[in-house]
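All chains are named by letter (A, B, ...) in the order of the sequence lines, taking the proteins before the strands, and each is independently numbered beginning at 1.
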Amino acid sequence: MQSALGLHSSTNLVFGSRKGVPCVVRAHVGAERVSIDVQNVNLCFQKDSNVLPILKDCCMSIPEGKLWMLLGPNGCGKSTLLKALAGLLKPTSGKLYVAGPKSFVFQNPDHQVVMPTAEADVAFGLGNLDLTVEEVRCRVMKSLEAVGLLELSQRPVQTLSGGQKQRVAIAGALAECSKVLLLDELTTFLDESDQMGVVEAVRRVVSGSDGVTALWVTHRLEELDYADGASYMENGHVVLGGSVAKVKKFVLEKQEEYKRSISF
Amino acid sequence: MTAAWGTLLCVHPCISRRPSYYNGEGLVPLRSHRVDCFPQKLFSGRQSKQRSWFAGVHAVAHGDGEMPRFNFIQKLKKPSGISFGEELMRLIAGASSAPIAQYISSPRTLLHSLDPRVKQAWLFVLVFLPSRSHVSVRVGIVMLLSVITILFLPRRTWQDQLGRVSFLSVLLLLMVSLGADSIPPIVQTRTPPPQLCGIPPLPSSFTAYKYVLWKLGPFQLTRKGLALGTTSACLSFTVLQSASLCLSTTMPEHLAEGIRWYLAPLRWLKAPVDEIILTLLLSLRFVALVFDEVRNIALGIVARGVQWKKLSSLETAEVFFTFLGRVFKNLFNHSEQIAQAMVVRGFQGDAAAHKVYYMANFSLQLPDYIAILALSVLIGVGVASEIMLC
């Protein structure tokens, strides 16, 4: 699909379609350079004559070098937006820009991990890069160390727990040394300590490297503390974006409103 | 993961009469304070009556983060008088989610450090040698394989592997040995018996040679049966156990790299070697997903508390067809998602262009040369036995 769209994970994703015509978009907001820019994106699924709109006029800009969280209720279109950013889905209209190279981590690690052992899977994403075996080995070991799985590097994937498989998937993304990380509910399968371990690992990657941006889809408010900014989606469009405090306040207010609506 | 949630059980009467949890050594009855909620509190009115079988009991235990070694579905007490359909579904739900003879990374033994190409050469020879050599060589190979397995694999693993393979081989030995000549085919001779022609019958052997070695009722053990039985049993044991030993001590990608090395000459014939190897690697990963999916869906059906006894044969079959349909649907969904993941990770459909790193430096070391020498000796013994003893 990616090649059909003219996209490649190791190059800048530049996608825009106005009336179905792809165009090159370079994103800047003021003086600040952005890594992800979404402008008036609409995405519909069509089955027979029924058209189901998933994304409705979505707008979002994420500055370079930030860990950005994307929140929202189930079915609001977060994962769809992330897949569109990864190039897996083609928007019906609007503009998308993602700096490259980029990596995507799926919600379910069984969909992401494709090789039989942990280290082979981490190395799989490096297959299209022109690297020496030593460099690949170094990247794989560093990535596995970052997620705390170095001692399990040769374990068959099916013997790992859900959380460990998720960490292998994250290590695969880290090994690609991408400029943009698209992370879809990474902590779903993790226990409490692992959740924080993974958030901290991503935080370290974003803070420690030059210009790495992460867009993190989550439902957990406590993970917001690690973010530089956040956006909130509802019913297919981004209703709020900005500082963590602003989005957190908004979400808490919505929770209170919901509690009041169900109490007698 | 030093302290992981060990076991989370959702217990209902179909699985166990009494809620319990696994503490690393065995099942422990659940104490009252561990019961989080009762079904009557969860559902009300009609819903409660309909789902009164459901007991939403959650039990938690701390583990060491390792894979559970205990199959709780099988160990939990079975309700008495369960139907065949339920028994079969429970059997599927209780099966291991890991394929047989998977790679064991720890403890690392001498066999782990052997070059995979040498191990594959051994495998190849062990498949062909027993079929041609003398019975003593066949038995010798079986004993050699058993000793190597016991020496190099952890106790629990070799007991499991040798137990299963030995059982199968002994069963095969008995069936083939006794069955080969026990029911002789009725053959109409093309000439009249010697008595009718006035010819004296053939004299019985003056030596101790006997074709029938042992006879009991309709069963008889003959020389032909013994030869067939030992050949099939030894061959089965050798093929299965050598493959298990190789898979247990070689990483899947190293195996694939070894096969790629052997298939390399086929590139001259324009054979898609890289594609074959990538397909093999993906299959090795997918096999585990298939096992997992089948087990999970079966577990889901068992947990639904289907009233199997009230189902007719047709309805039971319908449940199994639904089960199969669901398995295939989920597996196709998995395939699609994996294909998407591969695309996102830079794979563009050309196996030759996307390099797969095997993380291994293949170079023959001293143990490899010793293994090659031993293999040559074994081939020599096999050939000599064929010439001198057969």
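Of all heavy-atom pairs between A/P116 and B/R285, the closest is N-CB, 4.2 Å. Taking each heavy atom of A/G127 and B/H354 in turn, the nearest pair found is CA-NE2, 3.6 Å. Here the closest heavy-atom approach between residue B/Y103 and residue A/P156 is recorded as O-CG, 3.3 Å. In terms of heavy atoms, B/R345 sits closest to A/Q112 at NH1-O, 3.0 Å.
Rounding to the nearest 0.5 Å gives a distance of 11.0 Å between CD1 of B/I104 and CZ of A/R155. One distance of note links CG of A/D130 with NZ of B/K355; it measures 8.0 Å at 0.5 Å rounding.
Other residues, nucleotides and ligands contribute more than 12 heavy atoms inside 6.0 Å of the OH atom of B/Y262. Annotation for A/E222: atom CD counts as buried by contact number, over 12 foreign heavy atoms lying within 6.0 Å.
The most heavy-atom pairs under 4.5 Å with chain B, out of A/T117, A/L182, A/L131, come from A/T117.
No side-chain heavy atom of B/E253 sits under 4.5 Å from any side-chain heavy atom of A/M115. With a 4.5 Å cut-off on side-chain heavy atoms, A/F104 and B/Q340 do not count as touching. In this structure the side chain of A/E119 reaches within 4.5 angstrom of the side chain of B/M251, judged on heavy atoms. At least one side-chain heavy atom of B/M342 sits less than 4.5 Å from a side-chain heavy atom of A/F124. Counting heavy atoms from C-beta on, the side chains of B/H334 and A/D110 come closer than 4.5 Å.
For A/V113, the parts lying near chain B are the backbone and the side chain together; criterion is any non-hydrogen pair under 4.5 Å. In this structure, chain B has heavy atoms under 4.5 Å from both the backbone and the side chain of A/L126.
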